[in-house]
Amino acid sequence: MTSRRLVLLSLTGLLAALTSTGPMHGLDWTVDITTDENDAVCAVGDCSLREAIAAAGDGDTILFALPGISPWTITLTGALGQLSVANDITITGPGAAQLAISGGNLVRVITVQAGASVMISGLTLRNGEAKSSGDKHGGCLKVLGTANVSASRFESCQAWNGGVSSNTPGGDGGGIYVAASGVLTGDLLVFSADIAGVGGGALSPPTVFAGGRGGALANAGTATLQATTVSDCTAGAGGGPYGPGGDGGGIANLTGGVLRLDATTLSGNRSGDGATFMGTDGADGRGGGLYCV
């Protein structure tokens, strides 16, 4: 009896130890090249950021060990398109001054897909541009799911430009666009020289469409910014011939959006200019720093 009782106690202890163990940590994927490629392999010495994102599953972390001396730039190629995050992952950069991810003025940098949750830190996203009238919002980051972004910069990002005869408003959110389903939490961010899209329009027959809203951020979902600086950003200009300029040079909180700003500075931003034709001006946009619908 004594022997049997000792065995039972041992099994009980083992089960207790197993059930008390904390959640398992995900895998680490290390980006070690600056080339933008996708050969479906993320191996030592041949792992691009695109490949790491494709390989990473829920709970995984993407790190960087890039060759040479910083600062580094990873420039996305137009042929491969934007980076798309569909899983719950963490992307930990070496610092915004050390690593930039550039859209090369050809593609948006990142879309966080619906249902996905991503944590991004220590990166600069720059020169991203939305290039399609069917996907025109968010030059550097489009949030359909959940994004927690910290200690990062958004520089010279551009929402879609309507251009001549497109007959559509310019894209919203030069730096970031948060969709109705999206949630953004930003901490220690810097937005600089981001621009919403120019409105479309045609001279004959005359049609007018407004410039895009929110040079740095356009929010239709839930967005919180803390300890953030938004400077020198611009809403979109109106489309010809008399289109009104876009609202919210820095930030536009759109219909249905919930926005919270804590310890955040808005400086040197401007709303969009109305288009001018034959001495007649379209209305200028409203809210140089902040516009709320």
Treat each ILVMFWY residue as a node, draw an edge where side-chain heavy atoms are under 4.5 Å apart, and state whether Tyr177 and Val183 are in one component.
no
Leu106-Phe154 co-clustered via ILVMFWY side chain contacts under 4.5 Å
yes
Check whether Ser70 reaches the backbone of Gln98 with its side chain - one donor and one acceptor, N or O, closer than 3.5 Å.
no
Return yes if some donor-acceptor pair links the side-chain N/O of Asp284 with the main-chain N/O of Gly274 below 3.5 Å, else return no.
yes
For residues Cys42 and Trp29, report the shortest heavy-atom separation together with the two atoms involved.
SG-CE3, 3.7 Å
hydrophobic_cluster_shared for Leu49 and Leu99, side chain cutoff 4.5 Å
yes
Separation between CG (Asp262) and OG1 (Thr224), nearest 0.5 Å, reads 7.5 Å
Side-chain (Asp60) to main-chain (Gly57) donor-acceptor, under 3.5 angstrom:
yes
Would you say Asp32's side chain and Ala65's backbone share a donor-acceptor pair under 3.5 angstrom?
no
Nearest atoms (heavy-atom pairs only) where Val118 meets Val112
CG1-CG2, 3.3 Å
Side-chain contact, heavy-atom cut-off 4.5 Å: Asp46 with Ile33?
yes
Could you state whether Leu254 and Trp160 fall into the same hydrophobic cluster, counting links through intermediate Ile, Leu, Val, Met, Phe, Trp or Tyr residues with side-chain heavy atoms under 4.5 angstrom apart?
no
Any side-chain heavy atom of Ile251 within less than 4.5 Å of one from Asn219?
no
Leu141 side chain near Val149 side chain, heavy-atom distance below 4.5 Å:
yes
Compare every heavy atom of Cys233 with every heavy atom of Gly215, then report the nearest pair and how far apart it is.
C-CB, 4.2 Å
Looking at CG of Asn148 and OG1 of Thr185, how far apart are the two atoms once the value is rounded to the nearest 0.5 Å?
5.0 Å
Under 3.5 Å, is there a donor on one side chain and an acceptor on the other for Thr124 and Glu155?
no
Check whether any side-chain heavy atom of Val178 lies under 4.5 Å from a side-chain heavy atom of Leu217, and answer yes or no.
yes
Does Trp72 reach the main-chain N or O of Pro67 with its side chain, forming a donor-acceptor pair under 3.5 Å?
yes
Just wondering, do Thr92 and Met119 contact through their side chains at under 4.5 Å, heavy atoms?
no
Non-hydrogen atoms of Gly285 and Ser271 that approach each other most closely:
O-OG, 2.8 Å
Do Ile195 and Leu189 sit in the same hydrophobic cluster, where Ile, Leu, Val, Met, Phe, Trp and Tyr count as joined when their side-chain heavy atoms come under 4.5 Å apart?
no
Do Phe191 and Ile176 touch side chain to side chain, with heavy atoms closer than 4.5 Å?
yes
Can you tell me how far apart CG (Leu188) and OG (Ser121) are? Round to the nearest 0.5 Å.
11.0 Å
Residue pair Asp36, Thr75: steps toward the side-chain contact (heavy atoms from CB on, under 4.5 Å) verdict
CA-CA 7 Å; Asp36 181 30; Thr75 301; over 6 Å; no
Check whether Ser152 reaches the backbone of Leu123 with its side chain - one donor and one acceptor, N or O, closer than 3.5 Å.
yes
Straight-line distance of Leu225 CG to Leu184 CG, nearest 0.5 Å
6.0 Å
To the nearest 0.5 Å, what is the distance between OG on Ser117 and CG on Asp88?
5.0 Å
Would you check if the side chain of Arg213 reaches a backbone N or O of Ala218 as a donor-acceptor pair within less than 3.5 Å?
no
State which residue, out of Arg108, Lys142, Lys131, Arg50, fulfils the side-chain hydrogen bond (donor to acceptor under 3.5 Å, both in side chains) condition with Gln82.
Arg108
Where Val230 and Asn269 come nearest, the two heavy atoms and their spacing
O-ND2, 3.0 Å
Taking the side chain from Asp247 and the backbone from Arg286, do they hold a donor-acceptor pair closer than 3.5 Å?
yes
Can you tell me if Glu129 uses its side chain to pair, donor with acceptor, with the backbone of Gly103 under 3.5 Å?
no
With no hydrogens and no angle check, do the side chains of Thr276 and Asp281 hold a donor and an acceptor under 3.5 Å apart?
yes
Hey, what do you get for CZ (Arg153) to SG (Cys140), rounding to the nearest 0.5 Å?
12.0 Å
Tightest non-hydrogen contact, residues Asn253 and Leu259, listed as OD1-CB, 3.4 Å
For Gln158 and Ala196, indicate whether the former's side chain and the latter's backbone hold a donor-acceptor pair under 3.5 Å.
yes
Is there a side-chain contact between Val85 and Ile53, using heavy atoms and a 4.5 Å cut-off?
yes
Heavy-atom check, side chain of Glu51 versus side chain of Glu37, under 4.5 Å
yes
